[in-house]
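Quick note on labels: first sequence line is chain A, next is B, and so on, each numbered from 1.
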There are 2 protein chains.
Amino acid sequence: MALPRRLPAEPRVEQTDLAPLDDKLGFWLRLAQQSGFDTLQRGLGPLGLTPGRLGVLLLVEANPDIRQALLAEALRIKPSNLTVLLAALEQEGLIRRDEEEGNRRANRLRLTEAGRALLRQGEEAEAAAERQLAARLRPADRAALLTALRRIAGG
Amino acid sequence: MALPRRLPAEPRVEQTDLAPLDDKLGFWLRLAQQSGFDTLQRGLGPLGLTPGRLGVLLLVEANPDIRQALLAEALRIKPSNLTVLLAALEQEGLIRRDEEEGNRRANRLRLTEAGRALLRQGEEAEAAAERQLAARLRPADRAALLTALRRIAGG
DNA sequence: GCCATACTATTATGGTGCATAACAATGGAT
DNA sequence: ATCCATTGTTATGCACCATAATAGTATGGC
């Protein structure tokens, strides 16, 4: 009975052993996040938005007169970084920062009309990006993914 | 029969409406990635490693004599950024870059003994971080998460 | 009223990872 | 010899993250 012989050495295609990485959560979290970020960026860029800026607009609309410290906490960014974001958004006429009455420390944030208009465009682009991202997942998988991400994020 | 009366207005706790963000893949990908990165960083930092540097060591060990371009592709980073990483690792005596014989363009990468030793420590720290990250997930959920992340990453 | 303390926001600075473009050197093809 | 592709390097910029130092403003204890 003819035993299967060892095949002749094939022309060596440079092959990379990816095994050390492909079961690492950290690695795939990085790649998935980057893919998400890029997809979002592509849609938002033409509008002059970034994921971070869109987050601000979304939460300011949902929470009119929110203070900066609270907004930073909700976005999970540092207040010092939010300051810079807001300064630019205000400069561009997308948000307003009004001193809280009776407390000249705190700023109350609101969208301007231009901010609301841009936000609507941003939401559309964001929804398209989101659809694109989840295109390869069944709805149930997407839900499970969100749950898992929330847990890992420590929400 | 006493109807339940409207409760007196409670002392207003500042509450934030997070609804606009909490079903957004992009947002939770960012937070989860950051959590993963921080967890890894905490473990690797004391060793003088970062997630990126560990990735290099892992793949160089698994693929001795790999060229930089191929390694960059496997790690999904740009060759230009890999150059900087490698220069530092070589400086610290963790890897060697040898010209390919008969092709003075290409560099062949190998771990030094010190590199292998450090990698072993890094792997331990990485495994601990990985356990910590997945602590709140059932094994099946972790597997499903990896699958979903790979799809989103476009693997 | 006064003072120590906490809160709010800002500024400055540095570190990631990522991307692009310009360049230099080398090797191969014709 | 010339053109082109490969390989790696350098320089630069962006988005995001983190820390520390500071200024101005309330608040509570006394």
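Between A:Arg151 and A:Thr147, some side-chain heavy-atom pair lies under the 4.5 Å cut-off.
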Sugar-phosphate or base contact per nucleotide [nucleotides 14-23 of chain C; S, B, -; heavy atom under 4.0 Å]: --SSBBBB--
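Residues passing the side chain to side chain contact (heavy atoms under 4.5 Å, CB included) test with A:Pro51, sequence neighbours excluded: A:Phe37, A:Leu40, A:Gln41, A:Leu44. Shown here are the salt bridge (Lys or Arg N to Asp or Glu O under 4.0 Å) partners of B:Arg96, two or more places apart in sequence or in another chain: B:Asp98. Scanning for salt bridge (Lys or Arg N to Asp or Glu O under 4.0 Å) contacts around B:Glu99 gives an empty result, with sequence neighbours left out. Checked against side chain to side chain contact (heavy atoms under 4.5 Å, CB included), A:Asp23 has no partners two or more places apart in sequence or in another chain. B:Asp22 pairs by the side chain to side chain contact (heavy atoms under 4.5 Å, CB included) definition with B:Trp28, not counting sequence neighbours.
At C:dC7, none of the side-chain N or O atoms of A:Gln68 fall inside 4.0 Å of OP1 or OP2 (strictly under the cut-off). A close approach under 4.0 Å does not occur between any side-chain nitrogen or oxygen of A:Arg67 and OP1 or OP2 of C:dA9.
When the P atom of C:dA12 is taken as reference, atom CG of A:Leu82 falls 17 Å away, rounded to whole Å. Atoms CZ (A:Arg97) and P (C:dT8) sit 16 Å apart, rounded to a whole Å. Rounded to an integer number of Å, the gap from CD of A:Glu90 to P of C:dA9 is 13 Å.
Listed by first and then second residue, the salt bridge (Lys or Arg N to Asp or Glu O under 4.0 Å) pairs involving residues 27-37 of chain A amount to none (not counting sequence neighbours). For the salt bridge (Lys or Arg N to Asp or Glu O under 4.0 Å) condition, the pairs that include at least one residue of residues 41-53 of chain B, sequence neighbours left out, are B:Arg53-B:Glu92.
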Side-chain donor/acceptor pairs under 3.5 Å, residues 116-135 of chain A, sequence neighbours excluded:
from, atom 1, to, atom 2, distance (Å)
A:Arg116, NH2, A:Leu111, O, 3.4
A:Glu130, OE2, A:Arg142, NH2, 3.0
A:Glu130, OE2, B:Leu25, N, 2.4

Output a table of nitrogen or oxygen pairs between the protein and nucleotides 27-30 of chain C separated by less than 3.5 Å.
from, atom 1, to, atom 2, distance (Å)
C:dG27, OP1, B:Arg104, N, 2.7

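Not one N or O on the side chain of A:Thr16 forms a donor-acceptor pair closer than 3.5 Å with the backbone of B:Ala74. At distances below 3.5 Å, not a single donor-acceptor pair connects side-chain atoms of B:Asn107 with backbone N or O atoms of B:Arg97. With A:Asp141 contributing its side chain and A:Leu137 its backbone, the two residues share no donor-acceptor pair below 3.5 Å.
Nucleotides of DNA chain D that come within less than 4.0 Å of any heavy atom of chain B span, from the 5' end to the 3' end, D:dA5 to D:dA18.
Here the CG atom belonging to B:Leu109 is positioned 7.5 Å from the CG atom belonging to B:Leu82, to the nearest 0.5 angstrom.
The stretch residues 123-135 of chain A has no heavy atom under 4.0 Å from DNA chain D, so no residue of it qualifies as close.
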